[in-house]
Amino acid sequence: MNPLPDLNPVIHAQGRLRVMVTLQALPPGDQLSFSRLREILGMTSGNLSVHIRKLEEAEYVHSVKTYERRSPITYFSLTPQGRHALEEYVQALQALLGANDPDTDTADTPPGGAR
């Protein structure tokens with residue numbers, strides 16, 4: 001029997017998972033502004049900042065700070081490592097969910113398929 005997979009604790013927090021999934025929906029190379037990301041996710045600025053900081057520390061999210069009409073603006077995108085980490089997270093979650101799927105559990109099935 002295979003051990004159950006571990007879920008990446010950096011991604012597993014609900015707020016960070018929501019950030020990752022939202023940014024993953026963008027084509028590679030695209031980015032979202034902080035204010036647009038906050039609006040989409042319905043988070044406070046402080047809450048989003050904390051989650052973004054954690055994801056940046058893990059090198060899953062990349063930020064670009066710039067100015068538009070003299071106002072500072074920050075854009076975010078997933079890094080290649082972030083995309084890969086999210087793919088691994090989804091695979092681990094699917095494996096974890098499949099571990100309890102009676103259709104995939106053949107260990108307890110007697111010969112002939114009767115239960």
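Positions are given from 1, in the same order as the sequence printed here. Note that this is a predicted model, so its numbers are computed, not measured.
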Spacing of OG1 belonging to T66 relative to CD belonging to E68, to within rounding of 0.5 Å: 7.0 Å
Out of curiosity, T44 OG1 to R38 CZ, how far, rounded to the nearest 0.5 Å? 9.0 Å
Could you tell me the separation between the OG atom of S49 and the CD atom of E56, rounded to the nearest 0.5 Å? 9.5 Å
For residues H62 and F76, determine if any side-chain heavy atom of one lies less than 4.5 Å from a side-chain heavy atom of the other. no
Is there a side-chain contact (heavy atoms from CB on, under 4.5 Å) between T74 and V64? Walk through the geometry before answering. CA-CA 6 Å; T74 305; V64 174; over 6 Å; no
Only one of L7, V10, L93, I11 passes side chain to side chain contact (heavy atoms under 4.5 Å, CB included) with L17; say which it is. I11
Would you call S63 and F34 a side-chain contact if the rule is heavy atoms closer than 4.5 Å? no
Find out whether L23 and L55 are in side-chain contact, i.e. whether some heavy atom of one side chain is under 4.5 Å from a heavy atom of the other. no
Report the distance from atom OG1 of T22 to atom CG of L41, rounding to the nearest 0.5 Å. 4.0 Å
Nearest 0.5 Å please: distance from the CZ atom of R16 over to the CG atom of L86. 13.5 Å
Apply side-chain contact (heavy atoms from CB on, under 4.5 Å) to M43 and H51, showing your working. CA-CA 10 Å; M43 293 177 149; H51 289 304; 3.8 Å; yes
Would you indicate whether the side-chain heavy atoms of T79 and V61 approach each other to under 4.5 Å? no
Output all residues satisfying side-chain hydrogen bond (donor to acceptor under 3.5 Å, both in side chains) with E39, sequence neighbours left out; order by chain, then residue number. R36
Under the side-chain contact (heavy atoms from CB on, under 4.5 Å) rule, what do N8 and E88 come out as? Steps first, then yes or no, please. CA-CA 8 Å; N8 183 325; E88 286 184 335; over 6 Å; no
Any side-chain heavy atom of R83 sitting closer than 4.5 Å to one from P28? yes
Remaining members of Y75's ILVMFWY cluster at a side-chain heavy-atom cut-off under 4.5 Å? I73
Is there a path of hydrophobic side-chain contacts, each under 4.5 Å between heavy atoms of I/L/V/M/F/W/Y residues, joining V50 to V19? no
Is there side-chain contact between I40 and L32, with at least one heavy-atom pair below 4.5 Å? yes
